[in-house]
Amino acid sequence: SQTIHQWPATLVQPVGSPLSLECTVEGTSNPNLYWYRQAAGRGLQLLFYSVGIGQISSEVPQNLSASRPQDRQFILSSKKLLLSDSGFYLCAWSVQDDQPQHFGDGTRLSIL
Amino acid sequence: GENVEQHPSTLSVQEGDSAVIKCTYSDSASNYFPWYKQELGKRPQLIIDIRSNVGEKKDQRIAVTLNKTAKHFSLHITETQPEDSAVYFCAAGKFYFGSGTKLNVKP
């Protein structure tokens, strides 16, 4: 069966520090991969979307970036975190467009 | 891109009553409409979905209806139970989500 792993579960970082969140999927090949941010009490905002290795689409301009170095690995990064980057970050995968998305457990990021 | 609006933002019902959550979308090309349930501090999980070639789909106490002409779809939960309390999200298209509805089922 397919599983998705996301880590760390929680992270506290100072303003201006770098960020690296990792997500891996097991049990499937060539999945669509997604990074979302969820502010407290709000909906899911798509940050990045990938249909294959090295193929990244960004929905919202920001100081974050994403990379897909391997088929089932998706990384969210920042060189310098802002206070506004605080939130709950979720990674997800799907078989293809217009199919159910399966979410990781999320990373709660607090910026001090 | 797609724009998905969801109402209400909060909904409180008595155990055993029905709950209805409504969503509208803007892109007539969208043809996949999932609903996710997110319990506090946990990951969203798919509870039901519907495609544009179907007007209604039911799974036990949960049903979803779709009106493609009006571009709206709804989630119906009957005989609500306290464990139904959670935030529910609709979605349309590839990755456009509504803002969520916090459902509280009072025992």
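First the proteins, then the strands, lettered A, B, ... as listed; each starts at 1. As the structure is a prediction and not an experimental result, all values here were calculated from the model.
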Checklist outcome for this item: Correct closest heavy-atom pair for B:Asp59 and B:Ile47 would be OD2-O, 4.5 Å
Next on the checklist: For a quick check under 3.5 Å, do A:Thr24 and A:Gln73 share a side-chain donor-acceptor pair by atom type?
Outcome noted: no
Next on the checklist: Need one label for B:Gln45: side chain, backbone, both or neither, based on atoms under 4.5 Å from any heavy atom in chain A.
Outcome noted: neither
Checklist outcome for this item: When B:Glu5, B:Gln6, B:Lys22 are each screened for side chain to side chain contact (heavy atoms under 4.5 Å, CB included) with B:Cys90, the one that passes is B:Gln6
Checklist entry - Is chain B contacted by the side chain of A:Leu44, its backbone, both, or neither, given a heavy-atom distance below 4.5 Å? => result both
Next on the checklist: Need one label for B:Pro34: side chain, backbone, both or neither, based on atoms under 4.5 Å from any heavy atom in chain A.
Outcome noted: neither
Checklist entry - So what's closer than 4.5 Å to chain B heavy atoms on A:Gln6: side chain, backbone, both or neither? => result neither
Checklist entry - Are B:Phe33 and B:Ile77 linked, directly or through other ILVMFWY residues, by side chains that come within less than 4.5 angstrom of each other? => result yes
Next on the checklist: For B:Phe97 and A:Phe103, take the angle between the two ring planes, folded into 0 to 90°, and tell me which bin it lands in: parallel under 30, tilted 30 to 60, perpendicular over 60.
Outcome noted: perpendicular
Next on the checklist: Given heavy-atom pairs under 4.5 angstrom as the criterion, report whether the side chain, backbone, both or neither of B:Phe95 touches chain A.
Outcome noted: both
Next on the checklist: With clusters defined by side-chain heavy atoms of hydrophobic residues (ILVMFWY) lying less than 4.5 Å apart, directly or transitively, does B:Leu75 cluster with B:Ile50?
Outcome noted: yes
Next on the checklist: Heavy-atom cut-off 4.5 Å, strictly under: side chain, backbone, both or neither for B:Lys42 against chain A?
Outcome noted: backbone
Item to check | Option in A:Gln101, A:Gln45, A:His102 with maximal non-hydrogen atom pairs under 4.5 Å from chain B | outcome: A:Gln101
Checklist entry - For A:Asp105, is it the side chain, the backbone, both or neither that has a heavy atom under 4.5 Å from a heavy atom of chain B? => result both
